[in-house]
Asker: 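I'd like to ask you about the structure that follows.
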Amino acid sequence: VAVGKHGAGASVSAWNGRVVRLRGTLIRRGGRAMIEIVPGSLGESTEEAPRLPKVEPLGPRSIAGVIADGKCFLGVMNPGEGKVHRDCAVRCISGGVPALLLAADPAAQERWIWLAAPEGGPLGREALDRVAESVRVRGEMVRIDDQLFLEIEPDGIERIAPRER
């Protein structure tokens, strides 16, 4: 992510497919992490390219949960979720910060699933009026290494009553 309430898409897109070096601040919670990139720190690296992560399609899914922004939820804000954080999360997601679905599996253990547009692009404005509310999200689940991504269509998010979660 970038500094402030912004994703890093605009600053990193020119580097797609290249090995880079950067400086940043590590943001983390519960074994998940992202980097807030220091402006102007991206540059070409002479190191060997790392192994590409394994991408595993898992098929269609319909999952209930609550949408939050990844940057604040992983540690930039406290609390980084819920109704009290709604306005901040809307600004972050609209600025390109990756969205998360905070979901419960059948054993009621929390699962954090990254939300993306089809083909893995950033989630658009379709989620903004549903942030911090109980929702059901439908889409194609993909596992990249140990992280789950749900690629959703614009009409793939519906409000539900909290008890349906």
Side-chain angles (χ1 to χ4, degrees), residues 1-12 15 20-39 41-42 50-56 58 61-117 120-152 156-157 159-160 162 164-165:
V1 292
V3 174
K5 299 184 179 304
H6 306 285
S11 60
V12 301
W15 300 96
V20 299
R21 63 172 168 67
L22 60 85
R23 288 190 335 265
T25 302
L26 190 61
I27 303 166
R28 65 178 148 195
R29 177 179 182 177
R32 296 287 180 240
M34 66 173 46
I35 298 172
E36 182 179 82
I37 300 171
V38 171
S41 72
L42 273 166
R51 130 190 114 71
L52 292 174
K54 178 182 174 186
V55 177
E56 178 185 3
L58 300 175
R61 297 289 194 277
S62 178
I63 302 170
V66 175
I67 298 172
D69 74 278
K71 185 175 184 177
C72 290
F73 182 78
L74 291 181
V76 172
M77 297 290 288
N78 188 10
E81 63 183 299
K83 296 280 186 191
V84 297
H85 184 72
R86 184 185 188 294
D87 290 343
C88 180
V90 166
R91 287 191 301 277
C92 284
I93 293 169
S94 66
V97 171
L100 272 174
L101 180 67
L102 311 179
D105 67 16
Q109 295 175 332
E110 187 173 61
R111 290 174 37 191
W112 304 346
I113 302 166
W114 296 104
L115 296 178
L123 192 62
R125 298 188 163 285
E126 61 272 10
L128 298 181
D129 67 341
R130 294 171 180 94
V131 170
E133 294 184 15
S134 293
V135 294
R136 179 163 306 280
V137 181
R138 293 179 318 281
E140 293 291 322
M141 185 75 77
V142 176
R143 181 186 312 276
I144 302 176
D145 279 346
D146 67 342
Q147 302 210 37
L148 294 174
F149 294 79
L150 190 59
E151 296 177 351
I152 60 174
I157 304 171
R159 285 186 182 90
I160 60 173
E164 292 182 51
R165 287 188 56 208

Asker: Identify the two heavy atoms, one from W114 and one from G70, that lie closest to each other, and give their separation to 0.1 Å.
Answerer: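 Scanning both residues, the minimum pair turns out to be CZ3-CA, 3.9 Å.
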Asker: Excluding sequence neighbours, so at least two apart, what forms side-chain contact (heavy atoms from CB on, under 4.5 Å) with R61?
Answerer: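 Listed in chain order: L58, I63, M141, L150.
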Asker: For I144 and P53, which heavy atoms make the closest approach, and how far apart are they?
Answerer: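 Minimum heavy-atom contact is CG2-CB, 3.6 Å.
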Asker: If the condition is side-chain contact (heavy atoms from CB on, under 4.5 Å), which residues does S94 pass it with, not counting sequence neighbours?
Answerer: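 For S94, the residues satisfying side-chain contact (heavy atoms from CB on, under 4.5 Å) (neighbours in sequence not counted) are R125, L128.
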Asker: In chain order, what residues pass the salt bridge (Lys or Arg N to Asp or Glu O under 4.0 Å) check against R138, with sequence neighbours excluded?
Answerer: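 If we apply the salt bridge (Lys or Arg N to Asp or Glu O under 4.0 Å) test to R138, skipping adjacent residues, the hits are E158.
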Asker: From L102 CG over to F73 CZ, what is the distance, rounded to the nearest 0.5 angstrom?
Answerer: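 It comes to 4.5 Å.
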Asker: Which heavy-atom pair separates C72 from C88 by the least distance, and what is that distance?
Answerer: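 So the two residues come closest at SG-SG, 3.9 Å.
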Asker: List the residues meeting salt bridge (Lys or Arg N to Asp or Glu O under 4.0 Å) with R28, not counting sequence neighbours, and say none if there are none.
Answerer: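 Listed in chain order: nothing, the list is empty.
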Asker: Distance-only criterion, 3.5 Å: show the donor-acceptor pairs between side-chain atoms of residues 31-39 and protein atoms not counting sequence neighbours.
Answerer:
from : atom 1 : to   : atom 2 : distance (Å)
R32  : NH1    : D146 : OD2    : 3.1
R32  : NH2    : D146 : O      : 2.8
E36  : OE2    : K71  : NZ     : 2.6

Asker: Can you name the one residue among V76, V12, I27 that meets side chain to side chain contact (heavy atoms under 4.5 Å, CB included) with V1?
Answerer: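 Result for side chain to side chain contact (heavy atoms under 4.5 Å, CB included) with V1: I27.
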Asker: Of all residues at least two apart in sequence or in a different chain, which pass the side-chain contact (heavy atoms from CB on, under 4.5 Å) check with A127?
Answerer: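 By the side-chain contact (heavy atoms from CB on, under 4.5 Å) rule, A127 matches I67, L123, I157.
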Asker: If I take atom CG from residue L115 and atom CG from residue D69, how far apart are they, to the nearest 0.5 angstrom?
Answerer: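 One gets 11.5 Å once the value is rounded to the nearest 0.5 Å.
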